[in-house]
There are 2 protein chains.
Amino acid sequence: MDNFDRQILSILQRDASVPLKELAEAVNLSTTPCWKRVKKLEDEGYIRGKVVLLDPVRLGLGLSVFVQLKTQHHDNAWLEHFAETVVRFEEVVEFYRMSGEWDYMLRVVVSDIAAYDRFYKKLITSTEGLSNITSSFSMEQIKYTTALPLPR
Amino acid sequence: MDNFDRQILSILQRDASVPLKELAEAVNLSTTPCWKRVKKLEDEGYIRGKVVLLDPVRLGLGLSVFVQLKTQHHDNAWLEHFAETVVRFEEVVEFYRMSGEWDYMLRVVVSDIAAYDRFYKKLITSTEGLSNITSSFSMEQIKYTTALPLPR
DNA sequence: AGTGAAAGAATCACTTA
DNA sequence: TAAGTGATTCTTTCACT
């Protein structure tokens, strides 16, 4: 992981549609060595995949809801079962196990409050052992990026 | 936005490295009409871009911190200035204006608690008018996807 | 790490339903 | 208005230096 690699990752995580030739020029390599580095970064797991990002608002999915959850169960078996259930819901785009007051946090993407309510009912009927839930509604997504802060 | 388009988006938002020929086969079109649809979806703003997703843990960026903020200022000028400042920080990968108790929420990606503390100091010295801040630490990212729940 | 050739994909003009 | 065919152009990939 040298400087070349970091530059390559930095460009590709912002725009993966640049042709290899341009990418190579940008980092001052010729195509083949640059290509070999990209392949290596894929093989070594730095690059997890290439995807297209969609516009949630354009698709009528402009509402993000953050759901914070508490449970009494703190054993691994319960967590595994719970995680499996929650992960299956397509509306759940992010899911974290937290320290502090709340045990879990989700980000749920839906079209509107009515759709969120449907999701909420689905969630509480399909999981057990939750002692507390709170939902916080986002009014506006001011920033959303998949680009990680790479050390330069 | 018909069924073809939805299928195309559904595939590309999970894997944008599939060749057009395969994509076309998967949705039962030949390459050109399929290609035209992809271009149209880009032009019309459904597709915001193509990116490579990196593995945060592999890069030593395994800590997500959720930062909730309150302010006294509820005018547009203050928000704009505040948003501009916060958006500039690369560590901030998500930034929402919220309803309810907290006015804003951030997701911040850092390497460890020490790095978060550096970010925290940077944040509070570069913004003004914040009346309350709380940080919640994620122990584990159980799910993270950029794929939106498209209606089928 | 680089060159140049071969293989493979994307793009386009044009045709057809 | 939308889909298909085939030719052209551009990109990626690879053997070799």
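Each chain gets a letter, A, B and so on, in the order the sequences are listed, and its residues count up from 1.
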Point to revise | Any B/Arg37 side-chain nitrogen or oxygen under 4.0 Å from OP1 or OP2 of D/dA3 | key: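 Checking B/Arg37 against D/dA3: at least one side-chain N or O falls below 4.0 Å of OP1 or OP2.
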Review point. Does the gap between the ring centers of B/Phe137 and B/Phe66 come in under 6.0 Å?
Key: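 When the ring centroids of B/Phe137 and B/Phe66 are compared, they turn out to be at least 6.0 Å apart.
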Exercise for review: Would you please indicate if the ring centroids of B/Phe119 and B/Phe89 are separated by under 6.0 Å?
Suggested key: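 Yes: the rings meet the under 6.0 Å criterion.
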Grab the [atom1]-[atom2] distance between [X] and [N] for me, whole Å please.
X	N	atom1	atom2	result
A/Leu12	D/dT11	CG	P	15 Å
B/Asn3	D/dA2	CG	P	15 Å
A/Lys21	D/dT12	NZ	P	11 Å
B/Lys50	C/dA9	NZ	P	13 Å
B/Leu29	C/dT16	CG	P	20 Å
B/Glu25	C/dA9	CD	P	11 Å
B/Lys40	D/dT1	NZ	P	10 Å

[X] and [Y] ion-paired at < 4.0 Å:
X	Y	result
A/Asp103	A/Lys70	no
B/Asp117	B/Lys121	yes
A/Lys122	A/Glu91	yes

Considering residues at least two apart in sequence or located in another chain, which fulfil the ring-ring contact (aromatic ring centres under 6.0 Å, His included) criterion with [X]?
X	value
A/His73	A/Trp78
B/Phe4	none
A/Tyr120	none

Review point. Just how large is the angle between the end axes of the helix from C/dA1-D/dT17 to C/dA17-D/dT1, five pairs per end, to 10 degrees?
Key: 30°
Review point. Who passes salt bridge (Lys or Arg N to Asp or Glu O under 4.0 Å) against B/Lys36, sequence neighbours left out?
Key: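 Not a single residue meets the salt bridge (Lys or Arg N to Asp or Glu O under 4.0 Å) criterion with B/Lys36.
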Could you pull out the protein-nucleic contacts involving nucleotides 11-15 of chain C (nitrogen or oxygen on both sides, under 3.5 Å)?
from: C/dT11; atom 1: OP2; to: B/Trp35; atom 2: NE1; distance (Å): 2.2
from: C/dT11; atom 1: O5'; to: B/Trp35; atom 2: NE1; distance (Å): 3.3
from: C/dC12; atom 1: N4; to: B/Thr32; atom 2: OG1; distance (Å): 2.7

Review point. Where the side chain of A/Phe4 is concerned, which of C/dA10, C/dA1, D/dA3 is the nearest nucleotide?
Key: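 It is C/dA1.
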